[in-house]
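As the structure is a computational prediction, the values presented were derived from the model and not from experiment.
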Amino acid sequence: MKRILLFLYHLYLVSDFFAHAKFILLTPDPIKRRNKMIKNINRITKKFMRAFQIDLTIKNPERLAELSDAPYLLVSNHLSYTDIIMLGS
């Protein structure tokens with residue numbers, strides 16, 4: 001029963017993302033549309049982190065704060081589907 005409820009919750013999260021994305025795509029200004037999409041992705045990935053019970057710890061947060069004004073690319077050291085969720089949050 002717990003697995004079914006967990007599956008339904010994950011299905012709800014995915015449908016919530018696409019429901020919000022549908023309205024975001026109707027925004028005429030491309031810059032506002034991009035910012036809204038980034039907020040939507042961030043919101044949903046944080047919910048997935050909670051759903052999968054993943055705790056994220058950032059080593060050297062001061063280094064990340066230095067990069068806040070400059071463009072940068074975060075890369076994971078191995079490939080897994082949870083990396084996508086963690087980088088999105």
Q. Are H10 and F48 close enough, and set up right, to give a side-chain contact (heavy atoms from CB on, under 4.5 Å), and what steps lead you there?
A. CA-CA 8 Å; H10 292 163; F48 267 110; 4.3 Å; yes

Membership question, hydrophobic clusters at under 4.5 Å side-chain separation (ILVMFWY): are [Y] and [X] in the same one?
X	Y	result
L13	I38	no
F17	F23	no
Y9	F18	yes
V14	F52	yes

Q. How far apart are the C-alpha atoms of R34 and M37, what are their side-chain angles, what is the distance that settles it, and do they pass the side-chain contact (heavy atoms from CB on, under 4.5 Å) test?
A. CA-CA 5 Å; R34 182 174 186 270; M37 188 59 86; 5.7 Å; no

Q. Any side-chain heavy atom of K36 within less than 4.5 Å of one from H20?
A. no

Q. Where is the tightest heavy-atom contact between P28 and R33, given as atom of each residue plus distance?
A. O-NH1, 3.8 Å

Q. Can you tell me how far the CD1 atom of I4 sits from the CG atom of L11, to the nearest 0.5 Å?
A. 13.0 Å

Q: State the CG-NZ distance between L56 and K46, to the nearest 0.5 angstrom.
A: 10.0 Å

Q) Does the D16 side chain pair with the main chain of I44, one donor and one acceptor, at a distance under 3.5 Å? A) no

Q: Evaluate whether atom CD1 of I31 has more than 12 neighbouring non-hydrogen atoms of other residues, nucleotides or ligands under 6.0 angstrom away.
A: no

